[in-house]
Amino acid sequence: MIWTLKSIERVSRRPKLTVVGAGPGDPELITLKAIKAISTANVILYDALVNSELLKYASSIAEKIFVGKRRGCYSYQQEQINDLIVAKANRYGHVVRLKGGDSFVFGRGSEEIEFAQQNNLQTEVVPGISSALAVPAGQGIPLTMRHVSESFWVITGTTKMHQLSSDIKIAAQSTATIVILMGMGKLSEIVDVFSQAGKEQTPVAIIQNGTTDHEKSGFGTIETIEHVVAEKQLSSPAIIVIGDVVANRVQLASISKEVQTDSLYQTHGI
């Protein structure tokens, strides 16, 4: 790493950690504050679901370290990441921890903040757009809708102990929209829970790589969704949306198409 006078001045300040939410995957779904944090970082520790295009905002002298996991394979354990944050901040100054979506929605951002504070680092959080909200919206699925759903749950499909979250059983009893992250490996169990709750005909959407150029989706019901997944070869990373609001997706897409068509006609003077 080549150091300039400006970078040396940064190190002389109290070391700092900024935890930054990178958004759901589309590099345009990033906040201005996040870009500013990335551009002023001396070191960037980034996860697997972070779009690599965001690293273009980094300084040419910034050190970029991949600390994510792919298909259960960890490049670093969480304790190692915590130690790396402190070591790099003390040595170089400003560390940005770049996480997919929002770092406080199943992102362990609060754990890293707490560890950094215990080690006398300045800390800051830059919220990100959560995939739990953005991915369904990108498919025209409203998580809440008058006369259909008054609330929504965001639940992890897989707990720390690699078990299905017990909250899913509770959520299946409600009329709320259920958004499940990290749940593809537990899809059969999820289907069983909702079937036992008498929800076999409840609409389901599964959206893989949402908001990116590689987005794939499948739509069905609790009764049919496993067949849809097999047919369309859907896999992680994906968002599972369960609820009657999914049935309104076609109507919203139709409205969007009509608006685009009207605009096209106006553009060409038709």
Side-chain angles (χ1 to χ4, degrees), residues 1 4 6-7 9-11 13-70 75-76 78 81-82 84-117 119 121-139 143 154 156 179 181-182 207 209-215 237 239:
M1 181 179 291
T4 64
K6 186 175 183 180
S7 64
E9 288 174 350
R10 284 178 183 162
V11 177
R13 302 172 188 170
R14 183 182 170 192
K16 178 180 179 180
L17 166 67
T18 303
V19 177
V20 177
D26 182 344
E28 293 185 356
L29 292 176
I30 188 76
T31 66
L32 292 174
K33 192 165 188 176
I35 291 173
K36 181 179 178 181
I38 293 168
S39 67
T40 58
N42 300 105
V43 180
I44 300 173
L45 310 180
Y46 65 98
D47 281 344
L49 294 181
V50 171
N51 193 310
S52 60
E53 289 188 33
L54 297 179
L55 299 177
K56 295 178 181 178
Y57 294 113
S59 164
S60 60
I61 65 169
E63 183 178 4
K64 307 172 190 70
I65 305 172
F66 175 74
V67 295
K69 64 177 180 178
R70 296 184 187 277
S75 54
Y76 288 84
Q78 186 60 50
I81 294 172
N82 291 345
L84 193 60
I85 288 170
V86 174
K88 292 294 184 180
N90 283 327
R91 183 172 182 182
Y92 297 120
H94 182 202
V95 171
V96 160
R97 180 72 173 94
L98 192 58
K99 294 171 168 287
D102 180 87
S103 58
F104 279 12
V105 180
F106 303 123
R108 305 187 73 169
S110 60
E111 297 175 37
E112 293 171 352
I113 288 287
E114 183 179 3
F115 188 84
Q117 290 177 344
N119 286 272
L121 301 188
Q122 296 183 74
T123 56
E124 184 177 358
V125 175
V126 179
I129 299 175
S130 174
S131 59
L133 305 179
V135 170
Q139 282 285 341
L143 295 187
V154 179
T156 179
V179 182
L181 310 183
M182 300 173 286
I207 309 150
N209 293 317
T211 77
T212 73
D213 293 337
H214 305 291
E215 180 171 306
I239 303 292

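Computed over heavy atoms, backbone and side chain alike; hydrogens, waters and symmetry mates excluded. Bear in mind that the values here come from a model prediction, so they are computed numbers and not experimental data.
Here the closest heavy-atom approach between residue I207 and residue G210 is recorded as CG2-CA, 4.1 Å. Closest approach of A37 and V96 over heavy atoms only: O-CG2, 3.4 Å. Looking at every heavy atom in both residues, N209 comes nearest to T212 through O-OG1, 2.7 Å. Shown here for A34 and V126, the closest heavy-atom pair between the two residues is N-CG1, 3.7 Å. Minimum heavy-atom separation, P15 to N90: CG-OD1, 3.4 Å.
Qualifying side-chain contact (heavy atoms from CB on, under 4.5 Å) partners for I65, counting only residues two or more places apart in sequence or in other chains: V43, L45, E63, V67, Y76, L84, K88. Partners of P24 under the side-chain contact (heavy atoms from CB on, under 4.5 Å) rule, at least two apart in sequence or in another chain, are L29, I129, S131, A134, V135, T211. The side-chain contact (heavy atoms from CB on, under 4.5 Å) check on K64 picks up Y46, L55, A58, with sequence neighbours excluded. In this view, A116 and L17, L121, T123 satisfy the side-chain contact (heavy atoms from CB on, under 4.5 Å) rule, not counting sequence neighbours.
Proximity of a side-chain donor or acceptor of N51 to a complementary backbone N or O of E53 within less than 3.5 Å is detected.
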*What's the verdict on side chain to side chain contact (heavy atoms under 4.5 Å, CB included) for N42 and V95, showing C-alpha distance, side-chain angles and the deciding distance?*
CA-CA 6 Å; N42 300 105; V95 171; over 6 Å; no
*Would you sort out whether T156 and L181 count as a side chain to side chain contact (heavy atoms under 4.5 Å, CB included), showing the intermediate values?*
CA-CA 5 Å; T156 179; L181 310 183; 5.7 Å; no
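One finds the OH atom of Y57 at 12.5 Å from the CD1 atom of I44 (value rounded to the nearest 0.5 Å). Rounding to the nearest 0.5 Å places CD1 of I85 at 14.0 Å from NZ of K16. Distance CG/L54 to CG/L98: 6.0 Å, rounded to 0.5 Å. Distance CD1/I113 to CG/N82: 11.0 Å, rounded to 0.5 Å.
With T18 as the partner, the side-chain hydrogen bond (donor to acceptor under 3.5 Å, both in side chains) test is satisfied by one option alone out of Q122, R97, H94: H94.
The stretch residues 25-36 participates, sequence neighbours left out, in no side-chain hydrogen bond (donor to acceptor under 3.5 Å, both in side chains) pair at all.
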Sequence neighbours left out, cut at 3.5 Å: what donor-acceptor pairs do the side chains of residues 99-110 make with other protein atoms?
from	atom 1	to	atom 2	distance (Å)
K99	NZ	G107	O	2.6
K99	NZ	E112	OE1	3.4
K99	NZ	E112	OE2	3.3
D102	OD1	G128	N	2.9
D102	OD2	F104	N	2.9
R108	NE	E111	OE1	3.2
R108	NE	E111	OE2	3.2
R108	NH2	E111	OE1	3.0

